[in-house]
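Have a look at the structure below, then the notes.
Note that these values count all heavy atoms, side chains included, but never hydrogens, waters or copies made by symmetry. Indexing begins at 1, ligand by ligand and atom by atom, following the structure's order. Nothing here was measured: the structure is a model prediction, and the numbers come from that model.
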Amino acid sequence: MRRLRRAWRAGAWRLAALFAIALAIGLASHAPIACLLAASALALGYNLLRLARFARVLATQRLVPAANGSGVWGVIADTIRERQRLALAGKRRMLRRLHDFRDAAAALPDAVVALDREQRIEWFNAAAANLLGLEYPRDLGAHLHDLVRAPRFAEWLHGEAGDPLADLPSPVDAERHLSLRLIRRAEDRSLLVVRDVSQLLRLEQVRRDFVANVSHELRTPLTVVHGYLDMIEPEQVPEYESILHELRNQSRRMTQIVEDLLTLSRLEARDDLPRERINMRPLLLALSREAAALSQGQHTVLVEMDDGRDLLGSTKELHSAFSNLVTNAVRYTPAGGQVTLRWQREADGGARLAVADTGHGIPAQHLPRLTERFYRVSTSRSRETGGTGLGLSIVKHVLQLHQARLEIQSAPGAGSTFSCVFGHERLLEPLALAGAP
Ligand code: ADP
């Protein structure tokens, strides 16, 4: 600021001196006006010249050169040069940071593809080239669905659901399996993150095969043991009667565990189940008869039909899943309690089968883990009532294969309600109504 004031003052003095000299020459030559005009033209011309030179420097050079003269023009040049220097340094810093980010993203083992709002490729890393077969720079600006040509992929990419897409074969190598996740960014743009899950799936398959094989191998010896135990009458060996009972109970339990594990393996290996029309009234009545038989008159069993529609699914698997819930309701409800089977319509057009009991109930901390294999709230109570700890796991799998979900409401002492909730696409109007004009 001080430099500017000094330059300004020096400039003003110079101008004043020029006019004084012009006036003196003018007076001496009797043409003061002409001399003053000539001095003004000189000053104006000089400044116009500097302005033009300055404009040229600004237009052609990235950095205004350091002013080697003083004066107001020098101050202006130096101020602009300083600002340009700061802006350049800032830009360089930003670029360095941008490169750092890109390097980090490029080094990720997961494929990352940045998409614009029309889902055209803006940028991708090296792993994306590897996993999705993208090529740089050819594929920049291309539509991703034109490059990854799986119908499932295009449907998922344009869908609203934010769920990841699991198990997509890689377009480069069908042996590799990918899991994809779409992350929404600002302004409708998105980021596609792709992970190679082949190894994980292979391990999962090894685990499944192992459990299925072990269960299968155990089946025959267990049948033999069970058969021999059944051949011995406890009355023939009164001294071993209690031991024999225990042996029979344990061998029955082991057989049931093996059967349940095989059922789970069978369900895990399926992608789909038969789609049959299931009339819910007879199914609920059959379930209530099963409950009554298990209860042996110790519980009240009620059936409520609030929805007359049929269900679309596998009769066998759904019957076994519902039966599991009904059996649990009876097993975990003390004598004198009530079990209610309810088929009711949901607000979104779906329907739910609820199995409500007035039994022991379950503390809240156990609820999220109930469908895990072998998870029991009380091991002793489960064993006493002949449970394997696999029932709810089977229910969950069967429901997943029907795109349905299990909801559990329970509180200690207040009973429990296990509900199977089905989407509207799984419901059918009853045949008589559907056929009506
Ligand atoms: P289990 O064969 O042990 O019954 P499940 O998978 O069917 O195995 O159930 C898991 C656990 O959930 C059970 O051990 C029990 O503790 C609890 N449970 C299931 N149903 C009920 C119910 N209706 N009331 C109370 N607890 C229940």
* Apply the test salt bridge (Lys or Arg N to Asp or Glu O under 4.0 Å) to residues Arg266 and Glu317: give CA-CA distance (whole Å), side-chain angles for both, the deciding distance (0.1 Å), then the verdict. => CA-CA 11 Å; Arg266 191 170 46 75; Glu317 305 299 352; 2.8 Å; yes
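- By the 30° and 60° cut-offs, the orientation of the rings of Trp156 relative to Phe153 is tilted.
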Donor-acceptor pairs are to be reported for all side-chain atoms of residues 394-402 against protein atoms at under 3.5 Å, with residues two or more places apart or in another chain.
{"from": "His397", "atom 1": "ND1", "to": "Ser393", "atom 2": "O", "distance (Å)": "3.2"}
{"from": "His402", "atom 1": "ND1", "to": "Val398", "atom 2": "O", "distance (Å)": "2.8"}
{"from": "His402", "atom 1": "NE2", "to": "Ser314", "atom 2": "N", "distance (Å)": "3.0"}

Let me check something: any side-chain donor-acceptor pairs from residues 408-417 under 3.5 Å, sequence neighbours excluded? List them with distances.
{"from": "Ser410", "atom 1": "OG", "to": "Ile362", "atom 2": "N", "distance (Å)": "2.8"}
{"from": "Ser410", "atom 1": "OG", "to": "Gly415", "atom 2": "O", "distance (Å)": "3.3"}
{"from": "Ser410", "atom 1": "OG", "to": "Ser416", "atom 2": "OG", "distance (Å)": "2.9"}

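- Under the rule for a salt bridge (charged side-chain N to carboxylate O under 4.0 Å, His left out), Arg83 has no partner lying at least two apart in sequence or in another chain.
- A donor-acceptor pair under 3.5 Å is absent between the side-chain atoms of Arg176 and the main chain of Ser198, judged by distance alone.
- A heavy-atom cutoff of 4.0 Å around ligand 1 is satisfied by the protein residues Asn328, Ala329, Arg331, Tyr332, Asp357, Ile362, Leu370, Tyr375, Arg376, Val377, Ser378, Ser382, Gly387, Thr388, Gly389, Leu390, Gly391, Leu392, Ser416, Phe418.
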